[in-house]
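This report concerns only the one structure given below.
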Amino acid sequence: MAVKKMWGGRFNAVSPEFAQEFGASIDFDQAMAAEDIEGSIAHVTMLGDTGILSQDEAATIKHGLQELSEELTQGGLELTVANEDIHMNIEALLTAKIGPLAGKLHTARSRNDQVATDFHLWVQHRLPEVIASLKKLQVVLVHQAEQHVETILPGTTHLQHAQPISLGHYFMAYFNMLQRDVERFDFNQQHTSISPLGAAALAGTTFPIDRQETAELLGFQHVYTNSLDAVSDRDFAIEYLANASMLMMHLSRLCEELVLWSSYEYQYVEMDDAYATGSSIMPQKKNPDYAELIRGKVGRVYGDLTGLLTVMKGLPLAYNKDMQEDKEGVFDATTTIMGSLHVMTGMLTTLHIKADRMGDAVKADFSNATELADYLAAKGLPFRQAHAIVGQLVLMGIQTNTPLQDMPLATLQAASPLITADVYHDLDPVMAVERRQSLGGTGFDSVRQQVATGKQLLGDAYAGTTVD
Ligand code: ARG
């Protein structure tokens, strides 16, 4: 049966139940139940301290809220669609507990600043968890990089063999990408840690509230200095989703390579059995499902971002009911990034790396052609001419199935008299990697340096960790 609403004083009719269900958010905003109670406790504490409510009234309300908080942790709050959203559900439960005094909790507050407060708190609570999970994955990347400084594989551009690189260098590239993700989420905290509480509906309040007090009680670093902005702003959530999208984009690139590398054609890596699945029809199959799934889940996080950007586009100030659509995408993206990070961490930790296969792949692929061009350029030949000479040698090598390092000295010298026997040193793929000591290059010492810097950046998150 449709019941009269808390706000129903000026209404003569109630909406049909299907419309109420359509308008309700309790199915999903119950995820903010803890934050809603926390926000109310801070608000009522302030109402008591400022004398807006008597200390006795405030204490009774606070006590009721604390009981609800305990019931929540024990999984026992009874929430109903009839009460629309988490804010009115909690207030209804409080009323059932302490009677009409509960109605004083909403003094100098609106659901508009209340929902904004809950949402800020929810994201503020998640950010450190996201950052911690990101760092765990970075730890694995550093470990793998450290172990594979001297593992060599073909570096590619256009997915064509380009120049040999260190596998450690490859892992550190992802480490750096994730480091920027950490920094972005960190910065996101600055835009999230701002209290909207006390902005009331949109214009502030005539009550002598203390917004600094509630902000401090809730662990917010700042307060919004404009009440319209406070209730209208969802930038922090959009920023969070943009950061989540960027992170997923990074993970999907790594996943794509793991999928390729575990194929029969590459066989550079093998997923551990714990991170692969079989086929229901083909007994031999070992599928990199988890990597594929992370790659696939990028779509939903981009969708969450696009969804919220679109909800907020063109909205007039201040609160509009459209904004109720702001939460599910943020909840969904959080579940997705946390799950993806966790699975990726396990998958990389247990990954079987076939260093021999990787090394074999650079032996006859002409990926040392740049070495020969550089060799000639170092002897004074303009690089363009060197490039042309080596190009012709490569063509000859392809036709005769002879890698550059297997060509007789006489053949090389016929192409350029500048070439002497020491060229074979430079043509060794290991040397090609080791000698790239330019800042940020793939040279072994350079990669070791990157690993050391990575450990420093991780600081406490690295100290004492072991990866098995
Ligand atoms: N359930 C609403 C939301 O999530 C709460 C705010 C409602 N405010 C209002 N003025 N109708 O956005």
Side-chain angles (χ1 to χ4, degrees), residues 2-11 13-15 17-40 42-43 77 79-95 102-103 105-126 192 194-205 214 218 224 227-238 240-241 304 307-334:
V3 247
K4 196 149 176 141
K5 297 287 179 186
M6 257 172 217
W7 36 256
R10 54 103 74 214
F11 286 81
V14 289
S15 309
E17 266 182 57
F18 69 85
Q20 289 195 32
E21 263 169 42
F22 182 78
S25 53
I26 189 61
D27 278 354
F28 52 87
D29 67 13
Q30 57 181 279
M32 306 191 304
E35 284 77 13
D36 194 75
I37 297 173
E38 192 184 343
S40 288
H43 182 64
L77 289 189
L79 308 166
T80 69
V81 168
N83 283 324
E84 213 175 303
D85 58 23
I86 190 61
H87 325 295
M88 294 202 294
N89 267 277
I90 298 287
E91 192 178 322
L93 290 170
L94 186 66
T95 308
L105 170 61
H106 215 51
T107 313
R109 187 178 70 170
S110 151
R111 266 190 301 159
N112 298 347
D113 59 338
Q114 188 179 0
V115 70
T117 302
D118 292 5
F119 200 26
H120 276 76
L121 276 177
W122 195 91
V123 175
Q124 172 155 300
H125 291 160
R126 298 291 98 72
T192 307
I194 313 177
S195 175
L197 194 57
L202 75 165
T205 172
T214 47
L218 293 171
Y224 279 90
S227 61
L228 276 178
D229 184 33
V231 289
S232 310
D233 176 31
R234 296 295 182 269
D235 295 359
F236 68 100
I238 295 174
Y240 177 78
L241 290 173
D304 295 330
L308 186 52
L309 279 169
T310 312
V311 165
M312 296 307 293
K313 175 195 169 296
L315 282 190
L317 302 184
Y319 180 83
N320 302 270
K321 185 74 167 182
D322 315 42
M323 288 157 79
Q324 183 165 287
E325 290 292 307
D326 60 1
K327 296 167 205 59
E328 283 165 288
V330 168
F331 298 160
D332 175 70
T334 304

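Counting convention: from 1, in listed order, for ligands and their atoms alike. Computation of the quantities below employed the complete heavy-atom set of this structure, encompassing side-chain atoms and omitting hydrogens, waters and symmetry-equivalent molecules. A quick note: this is a predicted structure, and the numbers were derived from the prediction, not measured. Residues take their numbers from the sequence shown, with the count starting at 1.
Per-residue contacts place Gln324 under 4.0 angstrom from the following atoms of ligand 1 (heavy atoms of the residue considered): 1 (N), 2 (C), 3 (C), 4 (O), 12 (O). Contact atoms of ligand 1 toward Asn112: 8 (N), 9 (C), 10 (N) (distance under 4.0 Å to a heavy atom of the residue). Every atom of ligand 1 is numbered from 1 in the order shown, and the set under 4.0 Å from a heavy atom of Asp85 is 1 (N), 2 (C), 5 (C). Listed by atom number, the atoms of ligand 1 under 4.0 Å from His87 heavy atoms are 5 (C). Close approach of ligand 1 to Ser25 (heavy-atom distance below 4.0 Å) involves ligand atoms 1 (N). Near Lys327, meaning under 4.0 Å from one of its heavy atoms, ligand 1 places the atoms 3 (C), 4 (O), 12 (O).
Legend: residues meeting ring-ring contact (aromatic ring centres under 6.0 Å, His included) with Phe331, ordered by chain and number and at least two apart, are Trp122.
Considering only non-hydrogen protein atoms, atom 6 (C) of ligand 1 sits nearest to Tyr319 OH, 3.5 Å. At the shortest separation from atom 11 (N) of ligand 1 among protein heavy atoms lies Arg111 NH2, 3.6 Å.
Using a 4.0 Å cutoff on heavy atoms, Gln114 does not count as a contact of ligand 1.
Side-chain contact of Ser40 with Arg109: a donor-acceptor pair under 3.5 Å is present, judged by distance alone.
Under 4.0 angstrom from ligand 1, there are no non-hydrogen atoms of Glu84.
Distance alone, capped at 3.5 Å, places no donor-acceptor pair between the Asn112 side chain and the Tyr319 backbone. Between the side chain of His120 and the main chain of Ala116, a donor-acceptor pair closer than 3.5 Å is present.
Arg234 and Asp326 are joined by a salt bridge, as a carboxylate oxygen and a charged side-chain nitrogen come within less than 4.0 angstrom of each other. A salt bridge links Arg111 with Glu84: the distance from a Lys NZ or Arg NE/NH1/NH2 to an Asp or Glu carboxylate oxygen falls below 4.0 Å.
A distance of 10.0 Å separates OG1 of Thr117 from CE of Met32, quoted to the nearest 0.5 Å.
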